[in-house]
**Student:** 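Structure in structure tokens, see below.
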Amino acid sequence: MSDERQDIAVTTEGTPRWLGLAVVALAAVSLVALGVGWSAVNHSKAVEQTAAAEAKTQQHNAEALSQRLAQAEDSSAQVQGQLSVVTDRMKLTRGELASARKQTKLIKDENQKQLAAMESSMKSELATKASAEDVNKLNGDVSGVKSDLDATKNNLQMARGEFGTLIARNHEDIEQLRRMGQRDYFEFTIDKKGTRQKVGDLMVELRGTNQKKNQFTVALYVDDTRFEKKNRSSNEPIYFYTRGSRTPLELVINQVGKDRIVGYLSVPKSNTTAAASGGS
């Protein structure tokens, strides 16, 4: 038994040292490789997360860009539509202005022809009638015709708006337009800033005046809607429509003072009749 133990002891003491070192080195290499692999896995995950975040950001930017492009296209379509409407309105206004000028020229020519014919007829009658009574009567007729022609000439001298309506400059002009019977006229005076006054079927509020520049600013309340007209000049017509009307109403300010305006509202006869029927 003692001999066997000695042999075992001799054998154990004879194991090489490099084998232990190799095991230790192998373990160290394994640990290093494990650390490198773990670091590589973490780096790969970080790269994937970063790429996913960038892809999401790019997708969000692309969607935002698409939305902006769609909004820009909508805005462009709206602008083109508005431009088309304005162009059509300008064409219509030019046509109406040309028609009004042509009509004015025809009326003036016709009045001149009628005056020449009347004067020629009256001269012929005066030559054939010798009595003073007939002469006085004819003179009275001539005076009446001249008065009518003077009124007609005065109408022709009035300015016309873009819709062909005559623009009154004072109370006398308004009375002449009333006698023509084509429209109704409501005269008004507002002598305090911020004051509202009922004119016809609407409310007019004085917002301010610039007496030096002869300009004013008013707010109109029509059909539960408020319209503000800024820095308008005197005798410059303001056109607007009411609910159900096809012909525009016309607001004109003839005088501009310090926090004071004087003007009138012109309403077509059809609008006045409709308002009276609705009120009854």
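These figures come from a predicted structure and were not determined experimentally. Numbering of residues begins at 1 and proceeds along the displayed sequence.
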**Student:** Supply the members, apart from Y221, of the Ile/Leu/Val/Met/Phe/Trp/Tyr cluster built from side-chain contacts under 4.5 Å; use none for a lone residue.
**Tutor:**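 Joined to Y221, directly or through intermediates: M203.
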
**Student:** Any side-chain heavy-atom pair from E187 and E175 closer than 4.5 angstrom?
**Tutor:**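 Side-chain contact under 4.5 Å: yes.
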
**Student:** Given T165 and Q182, is the side-chain contact (heavy atoms from CB on, under 4.5 Å) satisfied, shown in steps?
**Tutor:** CA-CA 10 Å; T165 56; Q182 297 178 354; over 6 Å; no

**Student:** Do any N or O atoms from the side chain of T57 and from the backbone of A53 form a donor-acceptor pair under 3.5 angstrom?
**Tutor:**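 Yes.
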
**Student:** Calculate, to the nearest 0.5 Å, the distance between atoms CG and CD1 belonging to N235 and I253 respectively.
**Tutor:** 9.5 Å

**Student:** Roughly how far apart are S266 OG and I174 CD1, rounded to 0.5 Å?
**Tutor:**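 That separation rounds to 9.5 Å.
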
**Student:** Applying the 4.5 Å side-chain criterion to the ILVMFWY set and letting contacts propagate, would V29 and W38 be lumped into a single cluster?
**Tutor:**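 Shared cluster, no.
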
**Student:** Output the rest of the hydrophobic cluster of V262: all Ile, Leu, Val, Met, Phe, Trp and Tyr residues reachable through side-chain heavy-atom contacts under 4.5 Å, sorted by chain and number.
**Tutor:**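 Besides V262, the hydrophobic cluster comprises nothing; the residue is isolated.
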
**Student:** So, do L206 and T195 sit near enough that their side-chain heavy atoms are less than 4.5 Å apart?
**Tutor:**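 No, too far: nothing below the 4.5 Å cut-off.
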
**Student:** For the pair E236 (side chain) and S233 (backbone), establish whether a donor and an acceptor sit closer than 3.5 Å, ignoring hydrogens and angles.
**Tutor:**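 Between the backbone of S233 and the side chain of E236 there is a qualifying donor-acceptor contact (under 3.5 Å).
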
**Student:** Y239 side chain to L251 main-chain N or O, any donor-acceptor pair under 3.5 Å?
**Tutor:** no

**Student:** What closest approach, in Å, do Q197 and T189 show between heavy atoms, and which atom pair accounts for it?
**Tutor:** OE1-O, 2.8 Å

**Student:** So, taking the atom named CZ in F227 and the one named CZ in F240, what distance separates them when rounded to the nearest 0.5 Å?
**Tutor:**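 Here the rounded value is 9.0 Å.
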
**Student:** Just by modelled atom types, is the Y185 backbone N or O under 3.5 Å from a matching donor or acceptor in the R178 side chain?
**Tutor:**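 Yes; judged by distance alone, with no hydrogens or angles, the pair exists.
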
**Student:** Is there a donor-acceptor contact under 3.5 Å from the side chain of T217 to the main chain of N231?
**Tutor:** yes

**Student:** Test your reading of the model: is there a side-chain donor-acceptor pair from T209 to the backbone of D259, 3.5 Å cut-off?
**Tutor:** yes

**Student:** Check the pair E228, K230 against side-chain contact (heavy atoms from CB on, under 4.5 Å), reporting the backbone distance first and the verdict last.
**Tutor:** CA-CA 6 Å; E228 185 164 319; K230 296 182 178 180; 3.0 Å; yes

**Student:** Please answer whether the main-chain N or O of F216 pairs with a side-chain N or O of R232 as donor and acceptor at a distance below 3.5 Å.
**Tutor:** no

**Student:** With distance as the sole test, does D223 use its side chain to make a donor-acceptor pair with the main-chain N or O of R243 at under 3.5 Å?
**Tutor:** yes

**Student:** Quick test of your reading: applying salt bridge (charged side-chain N to carboxylate O under 4.0 Å, His left out), list the pairs with at least one residue in residues 40-58, sequence neighbours left out, ordered by first then second residue.
**Tutor:**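 Qualifying pairs: none.
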
**Student:** Just wondering, do K105 and R101 contact through their side chains at under 4.5 Å, heavy atoms?
**Tutor:** no

**Student:** Report the C-alpha separation of V252 and E250 in whole Å, then their side-chain angles, then the decisive distance to 0.1 Å, and conclude whether the side-chain contact (heavy atoms from CB on, under 4.5 Å) test is met.
**Tutor:** CA-CA 7 Å; V252 178; E250 179 183 81; 4.0 Å; yes

**Student:** Is there a side-chain contact (heavy atoms from CB on, under 4.5 Å) between D173 and Y264? Walk through the geometry before answering.
**Tutor:** CA-CA 11 Å; D173 288 348; Y264 68 92; over 6 Å; no

**Student:** Between atom CG of L265 and atom CG of L220, what is the distance when rounded to the nearest 0.5 Å?
**Tutor:** 9.0 Å

**Student:** Can you see which heavy atom on N254 is nearest to which on S234, and at what distance?
**Tutor:**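 Looking at all heavy atoms of both residues, the closest pair is O-CB, 3.9 Å.
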
**Student:** Could you measure the distance from the NZ atom of K193 to the CZ atom of R207? Nearest 0.5 Å is fine.
**Tutor:**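 Interatomic distance, K193 NZ to R207 CZ, rounded to 0.5 Å: 7.5 Å.
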
